[in-house]
Amino acid sequence: MDNQKLAELLFPNITSAPEDIEARYPRRELPEGAKVTRIAPSPTGFMHLGNLYGALVDERLAHQSGGIFYLRIEDTDKKREVEGGVKMIIDTFHSFGLSFDEGAALDGETGNYGPYRQSQRAEIYQTYVKSLVQRGLAYPCFCTESELEAAHKEQEQKKENFGYYGHYAVWRDRPIEDIEAELGKGSPYVVRFRSEGKIENKIRHEDLVKGKMEVTENDQDIVLLKSDGIPTYHFAHVVDDHLMGTSIVVRGEEWLATLPVHLQLFRAMGWKAPKYAHTAQLMKLDPETGGKRKLSKRKDPELALSYYYKEGYSVPAVMEYLMTLLNSNFEEWRRANPDAPMNDFPFSTKKMSASGALFDIDKLNDVSKNVISHMIAEAVYESIAKWSADNDPDFHALFTRDPEMTKGYLAIGRGGKKPRKDLALWSDAKPYMDFMFDELFTPDYTMPERVSSEDAKAILTAFKPQFDENDTPDSFFEKMKAIAEQTGFASDTKAYKEHPEQYKGPVGDVSMVIRIAIAGRQNAPDLQSVMKLMGNKKVQSRLERCIAAL
RNA sequence: GGCCUGGUGGUCAAGCGGCUAAGACACCGCCCUUUCACGGCGGUAACACGGGUUCGAUUCCCGUCCAGGUCACCA
């Protein structure tokens with residue numbers, strides 16, 4: 001009928017045709033099997049764990065196959081956009097070690113499939129919508145918010161499905177005169193898709209994560225173009241991922257419900273739909289109810305990516321943890337390949353859970369301890385220095401005052417087959433080594449039960465002149481045994497266990513007294529190593545201080 | 001309410017017609033050990049429920065229940 005006329009009426013300024021646009025987006029020349037993936041966040045100023053979770057899937061899929069991983073900005077909702085949002089997105093992914101091959105960048109963008117900001121693609125979307133109008137597959141709708149609300153209420157009352165369909169689609173078949181009249185008045189309008197779908201029909205779909213499934217056809221005349229001429233997510237997704245050659249769309253399972261709309265749109269446009277991987281929602285255990293629930297922005301600080309840096313989690317720890325959530329066989333692989341880079345792991349969507357992923361901070365901490373235990377002291381030093389500079393300036397000053405000493409301390413028990421695992425967070429460094437700094441040294445001179453003050457004093461006084469920076473842990477312990485003999489303790493722990501009544505205690509009590517004097521507490525890494533780092537002068541003064549306090 | 005997805009120990013999870021139903025975290029115990037950390041050994045603990053199909057169901061089908069998602073001019 002007058003589709004042609006209607007199209008001109010709605011889009012007088014659009015002179016390009018779909019073919020012109022297609023010509024600007026040639027097919028990608030990529031090796032066989034290479035995947036093209038993308039992340040498409042909105043610049044709302046809030047980056048959450050789910051963003052990173054999905055991005056890791058995208059990145060692995062692309063780079064593991066020699067494909068392309070790009071960044072597109074979904075800035076179609078001006079109300080939610082914040083200033084600096086794009087920079088924040090780019091900075092955040094960069095800080096987690098994820099790099100884009102093309103897409104939006106700090107200054108403009110890179111790649112031949114742009115623009116990569118949806119707000120700059122209005123003409124493209126409108127060209128396609130215009131052609132849809134010409135084909136009778138789209139039409140303007142002048143319904144006001146309150147009219148739509150009224151329809152919703154009516155549907156609620158009659159227990160009908162919600163939405164714009166059937167006789168509720170009041171502008172679907174209006175005569176062109178009505179449309180011209182509204183246009184003449186300057187009434188705002190949206191452009192809707194004319195759906196031919198029926199809810200009785202099912203569509204088969206094979207999802208990369210969920211596997212085979214059946215969904216119901218969409219019968220809603222969904223909005224293609226909002227009244228400001230900017231497309232909705234649904235339409236932008238279809239147009240962009242077609243033009244930009246995305247081969248796999250990774251997104252949260254909350255999108256599953258609108259999948260029929262997307263499939264329908266791809267078909268109407270005559271395009272091949274990409275493959276989809278709908279990832280399970282990130283959940284957590286609610287400490288109040290004990291049940292599972294979605295991570296919430298308001299209640300759960302750990303949802304925000306900024307949380308991890310502030311708390312002192314290392315980047316590789318967070319990434320490794322996400323990978324353990326993502327692929328059930330990752331942990332097994334990691335145990336077999338403790339030192340291999342994470343990216344050597346053969347990631348597969350087949351191993352992704354369809355049932356959900358529960359965020360477990362204990363598990364994260366465990367992964368983190370393992371990751372840090374495999375790092376060399378130098379790297380740990382650098383990381384803590386950087387973190388503390390931003391988050392704990394006072395500690396940073398002490399930590400970096402004598403780098404050799406600090407690194408020496410971090411090196412204790414590091415590097416062997418059974419490395420110490422004391423640190424899960426960079427912020428653990430302070431309680432782990434605070435006693436090394438006089439400024440933070442707040443000793444608790446409570447002695448073990450078996451050791452009296454007199455004994456403690458005798459042990460310390462005996463040890464004081466014998467201390468030698470150059471002792472080894474073994475030769476130091478020989479001295480402990482000798483002192484044990486002198487003071488009535490057993491130099492041999494087995495002997496003590498056999499005849500506890502003959503001794504005041506085992507040799508361990510003797511070295512514990514020294515440890516308490518030096519570290520001001522009952523646990524610390526290897527004592528002789530610690531004392532060697534402190535140096536004779538400091539050791540002597542600590543011994544004196546403790547003797548005086550007893 | 002409609003539509004969709006999921007339901008294996010406290011948690012993450014292998015297994016997908018026949019097994020004493022892996023493994024990891026957490027927890028408990030023991031061992032190692034001059035403390036701690038590490039490491040070693042062991043332990044508690046699970047197939048949501050009810051019907052089918054089958055010689056046999058955790059695995060397949062149906063129903064129930066439970067959980068989550070979604071039904072915007074937000075993504």
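Per chain, numbering begins at 1; letters A, B, ... match sequence-line order.
Annotation: cation-pi geometry not satisfied between A/Arg334 and A/Phe345 (NZ/CZ under 6.0 angstrom from ring centroid, within 45° of ring axis).
Note: CZ (A/Arg414) to C1' (B/A37) measures 12 Å, nearest angstrom. If you take CD of A/Gln157 and P of B/G2, they are 18 Å apart, rounded to a whole angstrom. We find that CG of A/Asn201 is positioned 14 Å from C1' of B/C3, with the value rounded to whole Å. Atom CZ of A/Phe489 is separated from atom P of B/U34 by 16 Å (rounded to the nearest Å). For the pair A/Leu225 CG and B/A72 P, the interatomic distance rounds to 19 Å; values are reported in whole Å. Nucleotide B/U70 holds its P atom 19 Å from the CG atom of A/Asp219, rounded to whole Å. Atom-to-atom, CG of A/Leu326 to P of B/A13 comes out at 10 Å; the value is rounded to the nearest Å.
With respect to the salt-bridge test (charged N to carboxylate O, under 4.0 angstrom), the residues A/Lys158 and A/Glu154 qualify. The pair A/Arg521-A/Asp434 meets the salt-bridge criterion, since a charged nitrogen lies less than 4.0 angstrom from a carboxylate oxygen. The pair A/Lys78-A/Glu81 does not meet the salt-bridge criterion, since no charged nitrogen lies less than 4.0 angstrom from a carboxylate oxygen. Salt bridge A/Lys275/A/Glu206: absent, no basic N to carboxylate O contact under 4.0 Å. Between A/Lys226 and A/Asp228 there is no salt bridge, since no side-chain N of the basic residue sits under 4.0 Å from a carboxylate O of the acidic one. With salt bridges taken as basic N to acidic carboxylate O contacts below 4.0 Å, one links A/Lys363 and A/Glu331. Checked for salt-bridge contact, A/Asp221 and A/Arg194 miss the test: no charged N lies under 4.0 Å from a carboxylate O. Salt bridge present: A/Asp241 and A/Arg72 bring a charged side-chain N and a carboxylate O closer than 4.0 Å.
A close approach under 4.0 Å does occur between a side-chain nitrogen or oxygen of A/Arg192 and OP1 or OP2 of B/C73. Between A/Lys226 and the phosphate of B/A75, there is a side-chain N or O to OP1/OP2 separation shorter than 4.0 Å. The phosphate of B/C16 (OP1 or OP2) has no side-chain N or O of A/Lys350 nearer than 4.0 angstrom. Put simply, A/Lys479 has no side-chain N or O that comes within less than 4.0 Å of OP1 or OP2 on B/U34. One finds no side-chain N or O of A/Thr258 lying less than 4.0 angstrom from the OP1 or OP2 phosphate oxygen of B/C71. The side chain of A/Thr216 contributes no N or O atom lying less than 4.0 Å from OP1 or OP2 of B/G2.
Spacing between B/U59 and B/G52 at atom C1', rounded to whole Å, works out to 15 Å. Atom P of B/A67 sits at a distance of 36 Å from the matching atom of B/G29, rounded to the whole Å. On the P atoms, B/U33 is 23 Å away from B/G43, given to the nearest whole Å. A distance of about 48 Å separates the C1' atoms of B/G6 and B/U35, rounded to the whole Å. Rounded to the nearest Å, the gap between the C1' atom of B/G7 and that of B/U64 is 13 Å. Across B/A13 and B/A22, the matching C1' atoms stand 10 Å from one another, rounded to whole Å. Taking atom C1' in both B/C41 and B/G50, the straight-line distance is 43 Å, to the nearest Å. To the nearest whole angstrom, the two P atoms, one in B/C60 and one in B/G15, are 13 Å apart.
If you check B/U34, B/U35, B/C4 against the side chain of A/Val215, the one that comes closest is B/C4. Closest approach to the A/Phe162 side chain among B/G1, B/A14, B/A75 is made by B/G1 (side chain taken as heavy atoms from C-beta onward). Across B/U34, B/U5, B/A75, the shortest atom-to-atom separation from the side chain of A/Thr493 is found for B/U34. Relative to the side chain of A/Arg420, the nucleotides B/C74, B/A37, B/C4 differ in distance, and B/A37 lies closest.
Annotation for A/Gln522: atom CD counts as buried by contact number, over 12 foreign heavy atoms lying within 6.0 Å.
In this structure, NE2 in A/His262 is found 6.0 Å from CH2 in A/Trp255, a value given to the nearest 0.5 Å.
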**Message:** A/Thr44 vs A/Ser42, test: side chain to side chain donor-acceptor pair (under 3.5 Å). Steps then yes/no.
**Reply:** CA-CA 6 Å; A/Thr44 59; A/Ser42 300; over 6 Å; no
Are any protein N/O atoms closer than 3.5 Å to N/O atoms in nucleotides 39-48 of chain B? If there are, list each pair with its distance.
unit_1, atom_1, unit_2, atom_2, d
B/G39, OP1, A/Lys421, NZ, 3.0

Extract from the structure each pairing of a protein N or O with an N or O of nucleotides 22-29 of chain B at less than 3.5 Å, listing the distance.
unit_1, atom_1, unit_2, atom_2, d
B/G23, O2', A/Arg335, NH2, 3.4
B/A24, O2', A/Glu331, OE2, 2.8
B/A24, O2', A/Lys363, NZ, 3.0
B/A24, N3, A/Lys363, NZ, 3.4

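Of the candidates A/Phe142, A/Trp171, A/Tyr139, A/Phe142 is the only one forming a ring-ring contact (aromatic ring centres under 6.0 Å, His included) with A/Tyr189. Evaluated for a side chain to side chain contact (heavy atoms under 4.5 Å, CB included) with A/Pro140, the options A/Ile179, A/Val190, A/Leu183 yield exactly one hit, A/Ile179.
Note on A/Val223: only backbone sugar-phosphate atoms sit closer than 4.0 angstrom, heavy atoms only; bases stay farther off. The residue A/Gln220 sits apart from the nucleic acid: no heavy atom pair falls under 4.0 Å. A/Lys351 comes within contact range of the sugar-phosphate backbone alone, with a heavy-atom separation under 4.0 Å but no base atom that close. At the heavy-atom level, A/Met512 lies under 4.0 Å from the strands shown only through sugar-phosphate atoms.
Along RNA chain B, the nucleotide closest to A/Thr324 and the one closest to A/Ser42 are compared, and the more 5′ of them pairs with A/Thr324.
The aromatic ring of A/Phe477 sits over the base of B/U34, with ring centres less than 5.5 Å apart and planes tilted by under 30°.
For RNA chain B, runs of at least 3 consecutive pairs of the Watson-Crick or G-U wobble type, with both hydrogen-bonding distances under 3.5 angstrom, map to B:1-7 with B:65-71, B:10-12 with B:23-25, B:27-31 with B:39-43, B:48-52 with B:60-64.
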